[in-house]
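Working notes, structure below.
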Amino acid sequence: MNTPFWESNSTTELRGTSRSPAVSEKTKREAKAKQDREAKAKHEREAKAKQDREAKAKREREAKAKTKQDREAKAKREREAKAKQEREAKAKREREAKAKTKQDREAKAKREREAKAKQEREAKAKREREAKAKRDDKDRKPRHSGTPRSSATPTPPTPTRSATPSTSAPATSTAPTAEPTRSTSPTSTRSPGDDDGQPRDYDSQADFSSHQMQQGTPETEHWQEPNYSVSLDVSNRDLRFPDGEEFRMWVFDSEESGRGFPGPTLRPKEGEIFHAYVEPSMGPHTIHWHGMEPDPRNDGVGHTSFEIDDHYTYQWQAEPGRAGNPNYGAAGTYFYHCHVNTPLHAQMGLLGPLVVDPVVLADFPVNAGNRRAFADGPEYDIETESLIMPFSIDRRWHDLGHAAGLSGEDVGLNRFEPTHFYITGGLLNSRREREGAVWAPTELPVNVIGNGKAPTLMRVLDGNYLPNKLTFYHPDGSPARIAELISHDGRPFRHSSSQYGVAIPTSMHEDPKAHLFTHMLSMGAAERYDILLHPPVSGIYILRMEWNNWITGVPVGRKELRLVAS
């Protein structure tokens with residue numbers, strides 16, 4: 001059907017008019033949305049850029065502040081270090097000045113004492129001259145009877161002691177040699193107050209002790225050529241003990257022994273001149289020869305003689321024994337130890353065995369492979385001779401310094417509370433001293449009576465601070481009465497039923513009741529016993545060592561050692 005012209009145009013116009021505004025609005029909205037998105041993105045980019053700039057600025061400020069702090073801290077450390085150096089330098093100058101002042105005062109006091117002593121000597125000499133002149137004048141005066149008195153007979157000059165040191169050879173199979181000559185130092189002068197005309201170094205032991213250096217390098221006086229000599233150093237190192245524990249120890253060592261524990265075994269003979277050259281690389285130290293008692297210069301007790309900073313040579317001679325006489329002889333078991341801050345230094349390990357062998361007397365010959373315990377004592381087998389030293393360790397003590405407690409501070413040296421216990425020692429004839437070694441036995445051989453060998457000698461030295469009890473057992477736990485005591489602290493047990501006559505050793509007496517047999521022995525610190533062992537049959541015997549509390553007596557430690565008898 002044909003549409004009227006006007007209707008067709010009208011409709012077309014109306015449609016065109018109604019669609020055009022809608023498209024325009026949509027386009028506008030899309031354009032606006034796009035603009036909003038672009039604005040938002042731009043805003044976000046600007047915000048992020050601003051944050052980045054601020055973060056960067058913050059980092060730069062923090063870095064700058066840190067750099068400033070580092071510079072200030074470094075400057076502060078440098079100022080503190082400089083101030084510390086200045087304080088230390090000032091303190092050092094003050095100490096040096098104080099020391100110099102002290103030295104000056106001491107030097108002045110010494111000069112004053114010497115001047116005063118000189119004045120007193122001169123005054124005394126003047127008084128003596130005046131008294132002599134007065135006596136001479138009196139002698140020159142005529143007697144009342146009118147008979148002139150003859151002048152006094154001149155007194156012959158007093159001979160001085162020999163200044164040449166004598167040398168004593170080691171005693172042989174003849175009778176014991178005499179004590180070495182006590183020669184006087186060539187530099188000796190007569191002390192004020194001497195009335196016998198003899199030159200002396202000091203008037204008395206007190207005079208000697210009051211003039212000693214507390215530390216230094218003293219000279220060995222009255223030097224004699226040694227028959228037996230040893231050089232000892234003092235060093236420290238960590239040592240591992242049989243239970244695997246490791247402790248810091250201070251030890252005596254020689255070039256042959258290395259740094260081990262106990263110190264090297266020293267074994268001079270009666271009658272020999274003994275020398276021990278000591279040069280402690282850490283000090284000061286001394287060596288005290290426990291039980292020997294030489295003269296004060298060589299006894300090693302620092303506060304009555306001197307302490308060694310650099311070096312010193314100890315010198316002494318063990319007195320030869322005489323048959324049947326308990327007043328002579330030094331053969332036996334001893335030990336040596338440092339006597340500076342004694343409790344601490346001995347606990348730290350500064351001790352070692354000292355055995356003095358006897359002189360051989362013509363009336364007491366010795367069979368091959370044997371030795372006598374003392375000059376007229378019983379024979380024993382050299383091969384199986386042993387030394388046993390109980391030792392215990394309080395770990396706390398091993399963290400202390402060399403001079404701990406010497407200035408009056410309480411470091412707990414009155415409290416010994418050990419937690420580790422050891423049986424040290426072993427066969428003396430086969431000891432091989434090695435670097436870093438702790439000498440300790442796992443078992444010991446013992447001779448059976450009647451097997452053609454001499455008995456076994458066991459030397460026991462208590463090297464710790466607790467009381468010890470030794471007990472000999474059979475494997476079944478029953479007591480084994482196999483120990484014969486023959487000496488204590490270097491003195492033989494002798495039969496003394498008579499006040500007069502020969503005092504023979506108990507071990508050689510015909511009366512079995514005089515023999516000192518036991519299965520148990522109690523001993524304290526530094527005690528020594530010499531024991532002959534008499535197992536009746538071959539087999540295993542047990543030596544049990546107990547460490548007991550000083551107050552309660554309750555055992556605080558226990559170790560056992562197998563003795564293999566054959």
**Report entry** Heavy-atom side-chain contact between Leu444 and Ile388 under 4.5 Å
**Finding:** yes
Requested in this report: Taking side-chain hydrogen bond (donor to acceptor under 3.5 Å, both in side chains) as the test, write out the residues that go with Arg434, two or more places apart.
Outcome: none
Requested in this report: Kindly compute the distance separating OG (Ser257) from CG (Leu266), expressed to the nearest 0.5 Å.
Outcome: 9.5 Å
Query raised in the report: Does any non-hydrogen side-chain atom of Ser229 lie less than 4.5 Å from one of Tyr277?
Result: no
Report summary line: Here the pair of heavy atoms bringing Gly332 nearest to Arg459 is C-NH1, 3.6 Å
Report task. Decide yes or no on side-chain contact (heavy atoms from CB on, under 4.5 Å) for Leu561 and Met545, but give the supporting numbers first. Result -> CA-CA 8 Å; Leu561 179 66; Met545 184 77 66; over 6 Å; no
Query raised in the report: Just by modelled atom types, is the Pro326 backbone N or O under 3.5 Å from a matching donor or acceptor in the Arg491 side chain?
Result: yes
Query raised in the report: So, does Trp397 use its side chain to make a donor-acceptor pair with the main chain of Arg415 at under 3.5 Å?
Result: yes
Query raised in the report: Which residues satisfy the salt bridge (charged side-chain N to carboxylate O under 4.0 Å, His left out) test with Glu546, sequence neighbours excluded?
Result: Lys469, Arg558
**Report entry** Sidechain-backbone polar pair: Trp289 side chain, Tyr334 backbone, donor-acceptor under 3.5 Å
**Finding:** no
Query raised in the report: When the aromatic ring centroids of His534 and Phe517 are compared, is their separation below 6.0 Å?
Result: yes
Requested in this report: Could you tell me which residues satisfy salt bridge (charged side-chain N to carboxylate O under 4.0 Å, His left out) with Glu560, sequence neighbours excluded, listed by chain and number?
Outcome: Arg544
Query - Val411 and Leu344, any side-chain heavy atoms less than 4.5 Å apart - result: no
Query raised in the report: In terms of side-chain heavy atoms, does Tyr380 have a donor or acceptor partner in Glu385 at a distance below 3.5 Å?
Result: yes
**Report entry** Any donor-acceptor pair under 3.5 Å from Asn236 side chain to Arg248 backbone
**Finding:** no
Query - CZ-CE distance between Arg494 and Met508, expressed to the nearest 0.5 angstrom - result: 9.5 Å
Query raised in the report: Would you find a donor on one side and an acceptor on the other, under 3.5 Å apart, between the side chain of Asn447 and the backbone of Pro455?
Result: no
Query raised in the report: If you draw a 6.0 Å radius around CD in Glu383, do more than 12 non-hydrogen atoms from other residues or ligands fall strictly inside?
Result: no
With a cut-off of 3.5 Å and sequence neighbours excluded, list every side-chain donor-acceptor pair involving residues 416-430.
from   : atom 1 : to     : atom 2 : distance (Å)
Tyr422 : OH     : Asp243 : OD1    : 3.0
Tyr422 : OH     : Asp243 : OD2    : 2.9
Thr424 : OG1    : Met389 : O      : 2.7

Requested in this report: For the residue pair Tyr465 and Asp394, establish whether any side-chain heavy-atom pair is separated by less than 4.5 Å.
Outcome: no
Query raised in the report: Restricting to pairs with a member in residues 311-321, which pass salt bridge (charged side-chain N to carboxylate O under 4.0 Å, His left out), not counting sequence neighbours?
Result: none
Query raised in the report: Do His509 and Thr506 pass the side chain to side chain donor-acceptor pair (under 3.5 Å) test, and can you show the C-alpha distance, the side-chain angles, and the key distance before you say yes or no?
Result: CA-CA 5 Å; His509 197 264; Thr506 58; over 6 Å; no
Query raised in the report: Phe472 and Tyr541: aromatic ring centres closer than 6.0 Å?
Result: no
Requested in this report: Heavy atoms only: give me the nearest His311-Thr217 pair and the separation to one decimal.
Outcome: O-CG2, 3.2 Å
Requested in this report: Could you tell me whether the side chain of Asp233 and the main chain of Ser281 form a donor-acceptor pair under 3.5 Å?
Outcome: yes
Requested in this report: Under the side-chain hydrogen bond (donor to acceptor under 3.5 Å, both in side chains) rule, collect the residues that match up with Thr265, sequence neighbours excluded.
Outcome: Arg431
Report task. Please tell me if the side chains of Thr286 and Val301 come closer than 4.5 Å, counting only heavy atoms from C-beta onward. Result -> no
Report task. Check salt bridge (charged side-chain N to carboxylate O under 4.0 Å, His left out) between Arg237 and all other residues, then give those that pass, not counting sequence neighbours. Result -> Glu435
Requested in this report: With side-chain contact (heavy atoms from CB on, under 4.5 Å) as the test, would you mind laying out the steps for Leu521 and Val460 before giving the verdict?
Outcome: CA-CA 10 Å; Leu521 178 65; Val460 184; 5.5 Å; no
List, one per line, each side-chain donor-acceptor pair under 3.5 Å for residues 349-361, sequence neighbours excluded.
from   : atom 1 : to     : atom 2 : distance (Å)
Asp357 : OD1    : Arg267 : NE     : 3.2
Asp357 : OD1    : Arg267 : NH2    : 3.1
Asp357 : OD2    : Arg267 : NE     : 2.9

Query raised in the report: With no hydrogens and no angle check, is any side-chain donor or acceptor of Glu484 less than 3.5 Å from a backbone partner on Leu532?
Result: no
Query raised in the report: Can you tell me how far the CZ atom of Phe252 sits from the SG atom of Cys338, to the nearest 0.5 Å?
Result: 5.5 Å
Requested in this report: Step by step, work out the side-chain contact (heavy atoms from CB on, under 4.5 Å) result for Leu533 and Thr384.
Outcome: CA-CA 11 Å; Leu533 299 179; Thr384 58; over 6 Å; no
Requested in this report: Would you indicate whether the side-chain heavy atoms of Leu470 and Tyr529 approach each other to under 4.5 Å?
Outcome: no
Report task. Output all residues satisfying salt bridge (charged side-chain N to carboxylate O under 4.0 Å, His left out) with Glu443, sequence neighbours left out; order by chain, then residue number. Result -> Arg562
Query raised in the report: Angle class for the Phe391/Phe261 ring planes (parallel below 30°, perpendicular above 60°, tilted otherwise)?
Result: tilted
Query raised in the report: Can you list the steps and then say if Asp310 with Glu279 is a side-chain contact (heavy atoms from CB on, under 4.5 Å)?
Result: CA-CA 6 Å; Asp310 194 312; Glu279 188 175 14; 4.2 Å; yes
Report task. Not counting sequence neighbours, which residues clear side-chain hydrogen bond (donor to acceptor under 3.5 Å, both in side chains) with Tyr312? List them please. Result -> Asn298
Query - By ring-ring contact (aromatic ring centres under 6.0 Å, His included) - contacts of His275 (at least two apart) - result: Trp223
**Report entry** Any donor-acceptor N/O pair, Thr220 side chain to Thr313 backbone, under 3.5 Å
**Finding:** yes
**Report entry** Residue pair Ala525 / Asn464: nearest heavy atoms and the distance that separates them
**Finding:** CB-O, 3.1 Å
Query raised in the report: Less than 6.0 Å separating the ring centroids of His402 and His285?
Result: yes
Requested in this report: Flag the pair Pro505 / Ile486 as yes when at least one side-chain heavy-atom distance between them is below 4.5 Å, and no otherwise.
Outcome: no
Query raised in the report: Any idea which heavy atoms bring Glu270 and Gly321 closest together, and the distance?
Result: OE1-N, 3.1 Å
**Report entry** Nearest heavy atoms of Met292 and Ala318, plus distance in Å
**Finding:** CE-CB, 4.0 Å
Query raised in the report: Under 3.5 Å, is there a donor-acceptor pair between the side chain of Glu433 and the main chain of Asp253?
Result: no
Requested in this report: May I ask you to test the Val438-Met249 pair for a side-chain heavy-atom distance under 4.5 Å?
Outcome: no
Query raised in the report: Residues in side-chain hydrogen bond (donor to acceptor under 3.5 Å, both in side chains) with Arg372, at least two apart?
Result: none
Report task. Classify the side-chain pair Arg528/Thr333 by whether it contains a donor and acceptor separated by less than 3.5 Å. Result -> no
Query raised in the report: When you measure from the side chain of His288 to the backbone N and O of Asp299, does any donor-acceptor pair fall under 3.5 Å?
Result: yes
Report summary line: Pro268 and Trp316 have their tightest heavy-atom pair at CG-CH2, 4.0 Å
